[in-house]
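As the structure is a prediction and not an experimental result, all values here were calculated from the model. Heavy-atom basis, side chains included; hydrogens, waters and symmetry copies ignored. Chain letters run A, B, ... following the sequence lines, proteins first and then strands; every chain starts at 1.
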2 protein chains.
Amino acid sequence: MSSRTFTVSGMTCGHCATSVTEELTELPGVTDVQVSVDSGRVSVTSEQELSREAATAAITEAGYTITDWPSAN
Amino acid sequence: MSSRTFTVSGMTCGHCATSVTEELTELPGVTDVQVSVDSGRVSVTSEQELSREAATAAITEAGYTITDWPSAN
């Protein structure tokens with residue numbers, strides 16, 4: 001198992017959190033997604049390490065932007 | 001045809017506008033709904049005059065609150 005926490009900008013409400021969660025959950029191997037609208041922090045647990053490319057694609061599809069992708073968690 | 005414009009609080013994004021639009025569109029006789037997230041103004045066009053009770057029920061179902069219901073439009 002692997003876990004990644006990054007920051008997403010633009011989320012304002014629970015609908016936004018739902019959209020982000022849905023897109024990330026569709027990625028292969030993702031087993032859990034936690035989203036904080038207030039802080040913009042998104043944590044993803046997955047079977048393999050989540051790539052920045054896959055996360056970016058999902059967040060972009062949801063209509064938001066990754067603003068911080070820490071190099072190590 | 002009748003038109004009503006009122007104010008809804010709590011909408012923060014396009015998802016919120018979609019939820020409000022969907023609930024109001026489900027009311028009998030409603031033919032058009034326009035929502036401005038920025039101002040909170042919601043305009044409903046309907047075959048019969050929209051009652052405050054019906055509007056309140058729809059807005060509450062969507063998760064928001066009517067804060068101003070002008071007595072005349």
*Just by distance, do the side chain of B/Arg4 and the backbone of B/Val42 share a donor-acceptor pair under 3.5 Å?*
no

*Which atom pair, heavy atoms only, marks the closest approach of A/Trp69 to A/Leu50?*
CZ2-O, 3.7 Å

*Pair listing, side chain to side chain donor-acceptor pair (under 3.5 Å) test, anchored in residues 45-55 of chain A, at least two apart*: none

*asked:* Applying a heavy-atom distance below 4.5 Å, give me the residues of residues 13-35 of chain A that approach chain B, sorted by number.
replied: A/Cys13, A/His15, A/Cys16, A/Ser19

_Residues of residues 54-68 of chain A with any heavy atom under 4.5 Å of a heavy atom in chain B_ = A/Tyr64

